[in-house]
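Read through the structure below, which is laid out as structure tokens, and then see the notes.
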Amino acid sequence: MTEPLAPQYNPSAIESALYAWWQERGLFAPSGTGEPYVIMMPPPNVTAVLHMGHGLNNTVQDVLARFERMRGRRVLWLPGTDHAGIATQNVVERLVAKEGLTRFDVGREAFVERVWAYVNETGSAIIEQLKAIGASADWSRTYFTLDAGLSRAVREAFVSLYEAGLVYRGHYIINWCPRCLTALSNEEAEKEETDGKIWHLRYPLADGAGHVTVATTRPETMLGDTAVAVHPEDERYRHLVGRELLLPVVNRRVPIVADDAVDPAFGSGAVKVTPAHDPADFEIGRRHNLPSIDVMTPDARISLAAPDRFQGLDRFEARTRVVAEFEAAGLLEKVEAHRHAVGHCYRCGTVIEPRLSDQWFVRMEPLARPALAKYRDGTLHFIPERRGDDYVQWLEGIRDWCISRQLWWGHRIPVWYCQSEHCARTTVSRTDVEACPACGGAVRQDEDVLDTWFSSWLVPFSSLGWPDRTPDLATYYPGHTLVSAPEILFFWVARMIMSGLYFMGEVPYTHMYLHGTVRDTQHRKMSKSLGNGIDPLEVVERYGADALRYSLVSGMSVGTDVILDPNDLEASFAAGRNFANKLWNAGRFILSNLDRAPRPLAGAPRAVRRGELTLADRWIIARCEATVREATEAYEKFRLNEAAGAVYRFLWSDLADWYIEQIKPRLYGDVPGGDVARAVATQTFDVALRLLHPVMPFVTEALWRRFPGRPAEASISVAPWPRPDARAEDPAALADFGLVQQVVGAIRAIRAEYGVQPGQTVRAYVAVEGGAAAALERERSTIVRLAKLSELILGESAERVGGNAVLPDGTAVFVPLGDAIDVGRECSRLGAESDRLAGLVASQEKKLGNQQFVSRAPADVVEREREKLVAWTEQREVLIRKRE
RNA sequence: GGGCGAAUAGCUCAGCUGGUUCAGAGCGCCUGCCUUACACGCAGGAUGUCGGGGGUUCGAAUCCCUCUUCGCCCACCA
């Protein structure tokens with residue numbers, strides 16, 4: 001506690017020890033009797049390694065958690081990890097591939113065991129990494145989306161939705177990833193604008209009397225065409241409806257049908273219909289009883305349903321071959337460039353293939369309706385608000401959610417099919433089914449697993465024990481704030497609202513804060529594949545967790561992206577490190593002076609009476625008060641950068657640059673009042689540490705604990721949040737000390753301008769009277785010392801030669817410099833200064849000469865402008881006289 | 001194609017309900033300082049048609065319209 005502190009703050013020497021101490025003390029578990037405040041951590045993938053996006057997301061959550069904890073709320077920040085179906089399976093598949101095997105070689109059971117082994121070994125790494133950045137989550141409650149409790153919740157949700165008719169099995173076109181070999185939801189198929197081509201193909205009429213031209217971006221699908229559709233009212237084709245075409249390449253006769261879905265204005269107005277490979281075509285096929293011919297295998301090669309010469313070809317090779325055959329037959333009308341949106345697998349980037357298959361779906365419209373209503377009635381708040389538009393748009397256009405995945409890693413679908421041919425009953429059950437409940441025959445469980453998001457959308461209550469009615473569930477549901485990346489608004493955030501309303505009857509959160517994305521200086525998203533990432537742990541090692549957090553927080557206003565430079569860590573993180581160091585040294589200085597206080601300041605420094613305070617004391621107390629208000633309001637409004645900025649300015653510009661400099665004579669015993677200065681410095685510094693703790697938890701704790709009178713077990717992380725105190729407001733002190741600062745600044749500027757040696761003292765005149773003079777008189781010694789004066793004269797100067805400055809309120813400052821100065825230089829400076837004032841005066845006269853302004857603007861505004869004009873005019877005259 | 005947002009110093013961005021923080025901060029740049037808390041520091045300084053054009057207003061970086069350029073979300077015109 002009393003060992004001397006190093007002049008340079010060394011984060012790595014203290015951070016892990018402090019974190020361990022917080023954990024030992026159990027400070028991150030909810031405690032006390034305050035109103036609960038719940039933040040649900042977006043569960044990172046088990047196999048994830050901490051990246052800057054996690055850094056940002058968890059820093060924001062931690063700032064809010066720590067802020068509310070200090071405000072006395074019973075904070076539960078609930079962490080967990082996500083089994084992340086496809087992502088995790090892919091990782092282990094790659095490991096298996098190194099042994100030259102596929103998952104099919106390994107077999108389902110053994111493969112799942114491998115995944116478990118992998119997850120058990122490396123799965124919690126990210127949690128350790130989150131601790132390195134200071135995350136104050138309640139790790140004792142950490143869940144895993146595949147553990148027993150959450151698995152039970154998943155079954156309960158599936159079965160009860162099924163019983164309500166909201167889960168169904170359907171035969172539809174879904175998004176299929178030919179590399180992951182699974183169905184995907186619409187959200188998992190990322191649309192990307194792509195420059196492609198559109199081929200215009202001629203299909204001859206079967207009777208040889210001409211042809212119909214169709215356009216397609218995927219010519220290979222023509223192998224599965226079973227019709228051509230035209231609009232029923234399209235005069236060009238009306239006479240052809242009902243006739244047949246001879247499909248080239250495959251030589252199949254297909255009908256021409258009329259369907260309203262066809263847009264006669266697009267292309268030729270005739271559409272090839274491939275019911276097995278296009279959702280719109282599927283619908284047309286259904287309306288016209290067309291056969292569906294699936295011409296592709298699961299890995300997107302041409303299937304046995306196509307002519308021999310195409311079988312086994314990759315879909316893109318087949319595309320080339322089909323086009324070539326059309327061209328050779330003279331049936332390729334034209335090829336045009338075509339920009340369109342192409343779906344890609346969100347996990348591996350492979351082009352999605354629309355595929356006809358049997359899948360499980362959730363009927364979304366009944367869930368979406370109340371979720372929309374809760375936004376429209378003002379229950380839900382999005383920060384920033386515009387994210388609410390995205391939410392509404394998505395819900396209004398919602399389509400059913402395909403939840404089955406042809407994977408092995410995940411929650412097995414709780415459906416059993418009777419193997420007996422005459423029974424064939426389907427059983428959907430909360431518990432495992434051994435035999436068919438109808439006929440007692442053998443059953444086979446559905447092979448598929450559920451979308452990983454089907455477990456995470458339940459997390460706000462499943463992580464608290466649902467479907468059991470646990471005390472945790474009663475206490476901590478619903479929560480308040482969700483902090484999330486905008487990418488998972490639809491995957492997760494919106495769905496949690498729907499599930500919360502459906503299963504719990506209440507929205508899980510009222511405030512959804514969607515922060516920005518971490519990008520590089522070219523505004524590209526940081527990613528491993530682009531190689532533009534910054535490793536947060538490296539930053540923690542080199543600059544400290546506080547520096548990392550400060551940079552992330554200060555670099556982001558509500559909902560904007562955070563830009564970091566991967567090639568220049570110094571540029572990105574030095575500011576935070578420097579700030580931590582500044583704090584460290586300010587704290588070190590104050591502490592070292594407490595040691596030389598005549599009596600140790602126990603606990604709260606000795607009570608100081610208002611009458612004992614100097615102008616500077618009153619000023620820093622008032623500034624501190626303003627900072628409490630500003631920072632608290634900013635945290636409440638999620639304006640974390642403003643909160644950090646307010647405390648930064650207070651600590652650096654006010655406390656360190658001015659107040660600490662001002663009190664040095666008192667501290668050193670050169671003038672009386674040392675104990676008052678110590679008390680005020682200690683008090684205001686303590687408040688600032690508490691205000692900053694949510695953003696920079698480590699350095700603030702390290703310093704805070706060292707102040708005398710703190711019990712060994714006291715932690716700033718549960719210290720009370722500073723309360724606004726109207727008695728500390730002091731506009732007069734703010735104005736008076738502000739004048740002192742301006743006078744000192746003006747004299748310093750003159751000294752620098754005229755190259756006065758740093759050690760040399762000068763005289764200075766300040767032309768003030770009345771209250772302003774009294775204020776300067778009270779801080780005379782401060783001005784003399786900080787501006788390095790031999791004498792301060794409050795009044796006009798008879799001397800002419802020297803440096804002049806005019807403060808914004810019109811106060812003149814003059815520093816006589818005798819023969820030492822360059823007269824020519826001074827003349828030009830005087831000229832420039834008087835020109836500047838002339839400009840101000842001119843525009844001011846114009847403004848005040850405007851009758852409209854004088855009559856319409858508020859009186860106080862006009863009055864202020866008048867005063868400015870008077871002061872500027874006077875000072876300009878003074879300068880002009882001097883110049884002569 | 002539909003919806004939404006952004007453009008301010010060399011860079012990254014604040015600037016919220018029009019008028020005292022109105023033209024700002026940090027970084028970078030220039031000058032001078034190892035002043036016994038801190039050179040990861042101190043003091044001083046330079047830099048802007050607030051994207052273009054129009055409008056509302058006594059007054060616009062701020063509100064409205066329009067153009068330009070970027071970005072995000074959504075979308076079965078084959």
Side-chain angles (χ1 to χ4, degrees), chain A residues 5 7-9 173 191 198 214-218 221 229 261-263 265-274 278-283 338 340-341 354 384 386-394 396-397 486-487 489-490 516-517 521 523 543 547 554-565 568 570-572 574-593 637 639 641-642 645 648-649 656-657 660-661 664 668 745 748-753 755-759 786 788 808-809 847 850-858 860-862 864-865 868:
Chain A
L5 304 181
Q8 209 165 81
Y9 174 57
I173 300 272
K191 291 299 175 80
I198 186 161
V214 296
T216 180
T217 54
R218 295 184 295 149
T221 61
V262 178
D263 176 2
F266 186 86
S268 65
V271 187
K272 63 189 271 310
V273 181
T274 323
D278 183 277
D281 293 4
F282 176 77
E283 295 301 330
H338 186 65
H340 61 139
R386 69 186 141 83
R387 292 292 176 192
D389 296 336
D390 296 342
Y391 175 80
V392 167
Q393 197 179 28
W394 185 72
E396 284 180 338
E487 300 93 275
L489 174 58
F490 306 137
T517 306
T521 46
H523 291 206
Y543 296 90
S554 64
M556 161 195 69
S557 63
V558 168
T560 63
D561 292 337
V562 178
I563 311 294
L564 296 172
D565 188 348
D568 192 352
E570 194 67 16
S572 302
R577 176 202 58 198
N578 295 352
F579 184 35
N581 192 55
K582 185 73 184 180
L583 257 180
W584 180 254
N585 277 289
R588 210 160 63 91
F589 178 78
I590 294 170
L591 282 165
S592 72
N593 282 289
K637 293 184 174 165
R639 294 179 179 167
N641 60 324
E642 290 180 22
Y648 181 98
R649 285 188 297 275
D657 288 349
I660 286 180
E661 290 309 318
K664 278 178 178 173
Y668 297 156
R748 280 173 172 170
I750 290 167
R751 293 178 60 111
E753 181 87 10
V756 176
Q757 292 302 307
L786 297 184
K788 294 206 174 102
D809 71 343
K847 191 185 251 184
N850 183 338
Q851 263 320 103
Q852 304 277 30
F853 171 72
V854 176
S855 58
R856 298 204 195 186
D860 58 318
V861 172
V862 176
R864 267 206 305 276
E865 299 304 316
K868 277 194 233 168

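Just so we're on the same page: letters track the sequence lines, and every chain starts at 1. Quick caveat: nothing in here was measured; it's all calculated off a predicted structure. Below, all heavy atoms of this structure are taken into account, side chains as well, without hydrogens, waters or symmetry copies.
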- prompt: Angle class for the Tyr668(A)/Phe589(A) ring planes (parallel below 30°, perpendicular above 60°, tilted otherwise)?
  reply: perpendicular
task: Using atom CZ of Arg387(A) as one end and atom C1' of C72(B) as the other, report the distance to the nearest whole Å.
output: 7 Å
- request: Check every strand shown and say whether Asp565(A) touches a base, only sugar-phosphate, or nothing at a heavy-atom separation below 4.0 Å.
  value: nothing
query: Once you round it to whole Å, what is the distance between C1' of A37(B) and CG of Leu583(A)?
result: 12 Å
- prompt: For Asn581(A), which of Asn585(A), Asn578(A), Leu583(A) qualifies under side chain to side chain contact (heavy atoms under 4.5 Å, CB included)?
  reply: Asn585(A)
- prompt: Roughly how many Å is it from OH in Tyr391(A) to P in C74(B), rounded to a whole number?
  reply: 16 Å
field: 5' precedence on RNA chain B between Asp561(A) and Ala574(A) (nearest-nucleotide basis)
entry: Asp561(A)
- request: With heavy atoms under 4.0 Å as the rule, sort Glu661(A) into base, sugar-phosphate or nothing.
  value: base
task: Choose from C13(B), C38(B), C73(B) the nucleotide whose nearest atom is closest to any side-chain atom of Arg588(A).
output: C38(B)
message: Determine whether Leu489(A) and Asp390(A) satisfy the following criterion, side-chain contact (heavy atoms from CB on, under 4.5 Å), listing intermediate values before the conclusion.
response: CA-CA 9 Å; Leu489(A) 174 58; Asp390(A) 296 342; 3.9 Å; yes
- prompt: Separation of Arg649(A) atom CZ from G24(B) atom P, in whole Å?
  reply: 14 Å
Show the distances under 3.5 angstrom between N or O atoms of the protein and N or O atoms of nucleotides 76-78 of chain B.
from, atom 1, to, atom 2, distance (Å)
C76(B), OP1, Arg399(A), NH1, 2.8
C76(B), OP1, Arg399(A), NH2, 3.4
C76(B), OP2, Lys191(A), NZ, 3.3
C77(B), O2, Asp263(A), OD2, 2.5
A78(B), OP2, His338(A), NE2, 3.4
A78(B), O2', Ala215(A), O, 2.8
A78(B), N6, Asp263(A), O, 2.6
A78(B), N6, Phe266(A), O, 3.2
A78(B), N1, Asp263(A), N, 3.2

Under 3.5 Å between N/O atoms: give me all the protein pairs with nucleotides 14-18 of chain B, atom names plus distance.
from, atom 1, to, atom 2, distance (Å)
A14(B), OP1, Ser557(A), OG, 2.8
C16(B), O2, Arg639(A), NH1, 2.6
C16(B), O2, Arg639(A), NH2, 3.3
C16(B), N3, Arg639(A), NH1, 3.3

query: How would you label the contact of Ala656(A) with the nucleic acid (heavy atoms, under 4.0 Å): base, sugar-phosphate, or nothing?
result: base
message: On RNA chain B, does the nearest nucleotide to Arg577(A) precede the nearest nucleotide to Ala571(A) from the 5' side, or the other way round? Give the residue.
response: Ala571(A)
field: Straight-line distance of Gln8(A) CD to Arg577(A) CZ, nearest 0.5 Å
entry: 8.0 Å
field: Per Ile563(A) side chain, nearest of listed nucleotides U12(B), A37(B), G26(B)
entry: U12(B)
field: Least distance between heavy atoms, Lys582(A) atom then Ala656(A) atom
entry: CE-CB, 3.6 Å
- request: Verify the contact: side-chain N or O of His523(A) to OP1 or OP2 of C13(B), cut-off strictly under 4.0 Å; return yes or no.
  value: yes
- line: Of all heavy-atom pairs linking Pro758(A) and Arg751(A), the shortest is O-NH2, 3.4 Å
task: Compare every heavy atom of Lys272(A) with every heavy atom of Thr216(A), then report the nearest pair and how far apart it is.
output: CB-CD, 3.6 Å
query: Yes or no on side-chain contact (heavy atoms from CB on, under 4.5 Å) for Thr274(A) and Arg218(A), after CA distance, side-chain angles and deciding distance?
result: CA-CA 11 Å; Thr274(A) 323; Arg218(A) 295 184 295 149; over 6 Å; no
query: Using the P atom in both, what is the distance from G44(B) to G52(B), to the nearest Å?
result: 33 Å
query: Can you tell me how far P in C65(B) sits from the matching atom in C4(B), rounded to whole Å?
result: 12 Å
query: Under the 3.5 angstrom rule, does the side chain of Ser572(A) hit a backbone N or O of Asp565(A) as a donor-acceptor pair?
result: yes
- prompt: How far does CE of Met556(A) sit from OG1 of Thr517(A), to the nearest 0.5 angstrom?
  reply: 11.5 Å
query: How close or far is atom P of G41(B) from atom CD1 of Ile660(A), stated in whole angstroms?
result: 15 Å
query: What is the nucleic acid contact for Tyr9(A), judged by heavy atoms within less than 4.0 Å: base, sugar-phosphate only, or nothing?
result: nothing
statement: Tightest non-hydrogen contact, residues Gly576(A) and Ala547(A), listed as C-CB, 3.7 Å
task: Please lay out, stage by stage, how Lys637(A) and Val558(A) fare under the test side-chain contact (heavy atoms from CB on, under 4.5 Å).
output: CA-CA 9 Å; Lys637(A) 293 184 174 165; Val558(A) 168; over 6 Å; no
task: Measure from OH on Tyr648(A) to P on G26(B) and round the result to the nearest Å.
output: 6 Å
query: Contact class for Gln8(A) (heavy atom, under 4.0 Å): base, sugar-phosphate, or nothing?
result: base
- prompt: Side-chain N or O of Asn578(A) less than 4.0 angstrom from OP1 or OP2 on G41(B)?
  reply: yes
query: Nearest-Å distance, NZ (Lys582(A)) to C1' (G41(B))?
result: 6 Å
task: Give the minimum heavy-atom separation between Ile173(A) and Pro354(A), together with the two atoms involved.
output: CG2-CB, 3.6 Å
message: When the C1' atoms of G24(B) and C16(B) are compared, how many Å lie between them, rounded to an integer?
response: 15 Å
message: Looking at every heavy atom in both Ser557(A) and Asn641(A), which two are closest together, and how far apart are they?
response: CB-ND2, 3.5 Å
task: Quote, to the nearest angstrom, the C1' distance that separates C11(B) from G28(B).
output: 7 Å
query: Which whole number of Å gives the distance between the C1' atom of C27(B) and that of C67(B)?
result: 34 Å
query: In whole Å, what is the span from the CG atom of Asp657(A) to the C1' atom of G44(B)?
result: 13 Å
- prompt: Say you pick atom C1' in U57(B) and the same atom in G19(B); how far apart are they, in whole Å?
  reply: 12 Å
field: Set of ring-ring contact (aromatic ring centres under 6.0 Å, His included) partners for Phe282(A), sequence neighbours left out
entry: none
message: Reading 5' to 3' and counting Watson-Crick or G-U wobble pairs with both distances under 3.5 Å, write the dot-bracket notation for RNA chain B, | for bases paired outside the strand.
response: (((((((..((((.....[....)))).(((((.......))))).....(((((..]....))))))))))))....
statement: Under a 4.0 Å heavy-atom criterion, the protein footprint on nucleotides 29-36 of chain B, written with B, S and -, is --------
query: Can you give one letter per nucleotide of nucleotides 2-10 of chain B, going 5' to 3': B for a protein heavy atom under 4.0 Å from the base, S for sugar-phosphate only, - for none?
result: BSSS-----
Nearest-Å distance once atom C1' is located in both G59(B) and C73(B): 38 Å
query: Looking at NZ of Lys664(A) and CG of Leu786(A), how far apart are the two atoms once the value is rounded to the nearest 0.5 Å?
result: 9.5 Å
query: Aromatic rings Tyr9(A) and Trp584(A): how do their planes relate, parallel, tilted or perpendicular, breaks at 30° and 60°?
result: tilted
C1'-based separation of A9(B) from G55(B) [nearest Å]: 29 Å
